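Let me begin by presenting the structure, written as structure tokens, before commenting on it.
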Amino acid sequence: MVGKKPIILLCLAALIVIAPLVIFYGGYFGCVDCVAAKAIEKTGYEPWFGPIWEPPSGEIKSLLFALQTAIGAIIIVYVFRYYNRQAKGKKDE
Amino acid sequence: MHIMEGFLPLEWCLFWYAIVLPVVAYGVIQIKKITDKNPELKPLLAVSGAFVFVLSSLRLPSAVTGSVSHPTGTGLGAVLFGPIVTCVLSAIVLIFQSLLLAHGGITTLGANIFSMGIAGPFAAWAIYKGTTRAGASTSIGIFFAVFIGGLLTYVVTAIQLSLAFPIPTFGEAFYKFMVIFAYTQVPLAIVEGILTVVMFDYLLKLRPDILEDLKVIRPKIKAMI
């Protein structure tokens, strides 16, 4: 059974994530690391080393980020199922 | 908080590597020790690492600046296993991201491990221990631990960049980078805190015995008597 607490908390989290999309509607959501990099370049600094390999496009980068999320999610679900079965086994005893 | 590849002068890259490497090495030994002692902890360790994988891959919009940043996800591992072990988990994720995603970098890896793997988790761990010992509930303890730990990671990144680029002065550079990083992170740190509380509650329901073993929660025996 899922209690009320996690549902309320997850809705709250979703709200905080969705709110900026409404507040800054039509705005440009730039990545914060790139903003920092630009601020550094403004001081006249030039990066002395570039990435060894870069995803060929933004789409491929998104794909790899999605892959990272998926790997993590699969591991979490797998272990929770394992724990769940253990918990059930204990109850049956 | 990822300082991009090549965006730190060589001496600072080496400086952060020198601080971080012994901690990571010690963390690997610690992981071996605790999993040898109690193999039951391996799945929980995997969950903590996977949680970092998931949260650090979620690039969320921030209501404060309209930029996109990501939570760190290190709070769960820090509360369960302590900051030293979490440092290793963060290092794995940061290496993955720097090699496959061109997110962060190999030269800046030391600095990034320090902010995400040492500073944030250490604060989270200390705050959790402090608040719960002072009588706060685990949910409150986790939330503030993760919130402040997540935020501190970004404050440390701002400090690292202002140290490397104190132009015109350290103070002004710090203000500039704080606006970029830390302000953006405030709502995301709240989201991270909430998600970690939900995760922790579920773990608490499934395996309270393991959490007691790790001394994350106190045994319930007293309450029963």
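Owing to the predicted nature of the structure, the values given are computational and were not obtained by experimental measurement. Only this structure's heavy atoms are used, side chains among them; waters, hydrogens and symmetry mates stay out.
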Part of [X] within contact of chain B (heavy atom distance under 4.5 Å):
X	value
A/L21	side chain
A/Y82	side chain
A/F49	both
A/I23	side chain
A/Y45	side chain

Which of parallel (below 30°), tilted (30 to 60°) and perpendicular (above 60°) describes B/F144 and B/F147?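 Geometry flag for B/F147 against B/F144: perpendicular rings.
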Taking C-beta and beyond as the side chain, do [X] and [Y] meet within less than 4.5 Å on heavy atoms?
X	Y	answer
B/H103	A/E54	no
B/I140	B/T131	no
B/P166	B/E172	no
B/S69	B/L60	no
B/D201	A/K5	yes
B/T184	B/Y154	no
B/S67	A/F29	no

Residue part contacting chain A, namely of [X], when any heavy atom lies under 4.5 Å:
X	result
B/V64	backbone
B/S48	neither
B/L44	both
B/Q185	neither

Pairwise distance CD1(B/I3) to CZ(B/F177) - rounded to 0.5 angstrom: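 If we round to the nearest 0.5 Å, B/I3:CD1 and B/F177:CZ are 9.0 Å apart.
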Is the count of non-hydrogen atoms from other residues, nucleotides or ligands lying under 6.0 Å from B/F170 atom CZ greater than 12?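 Counting other residues, nucleotides and ligands, CZ of B/F170 exceeds 12 neighbours.
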Is a donor on one side and an acceptor on the other found under 3.5 Å between the side chain of B/S56 and the backbone of B/V52?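 Yes; at least one donor-acceptor contact below 3.5 Å.
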Between chain A and each of [options], count heavy-atom pairs under 4.5 Å; write down the option with the most.
options	answer
B/L101, B/I167, B/L195	B/L101
B/R59, B/H70, B/M4	B/R59
B/L58, B/T157, B/L8	B/L8

Give me the contact list for residues 55-64 of chain A versus chain B, heavy atoms only, anything under 4.5 Å, ordered by residue number.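 Residues in range: A/P55, A/K61, A/L64.
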Does the side-chain hydrogen bond (donor to acceptor under 3.5 Å, both in side chains) test come out yes or no for B/S137 and B/S139, once each step is laid out? CA-CA 5 Å; B/S137 72; B/S139 294; 4.8 Å; no
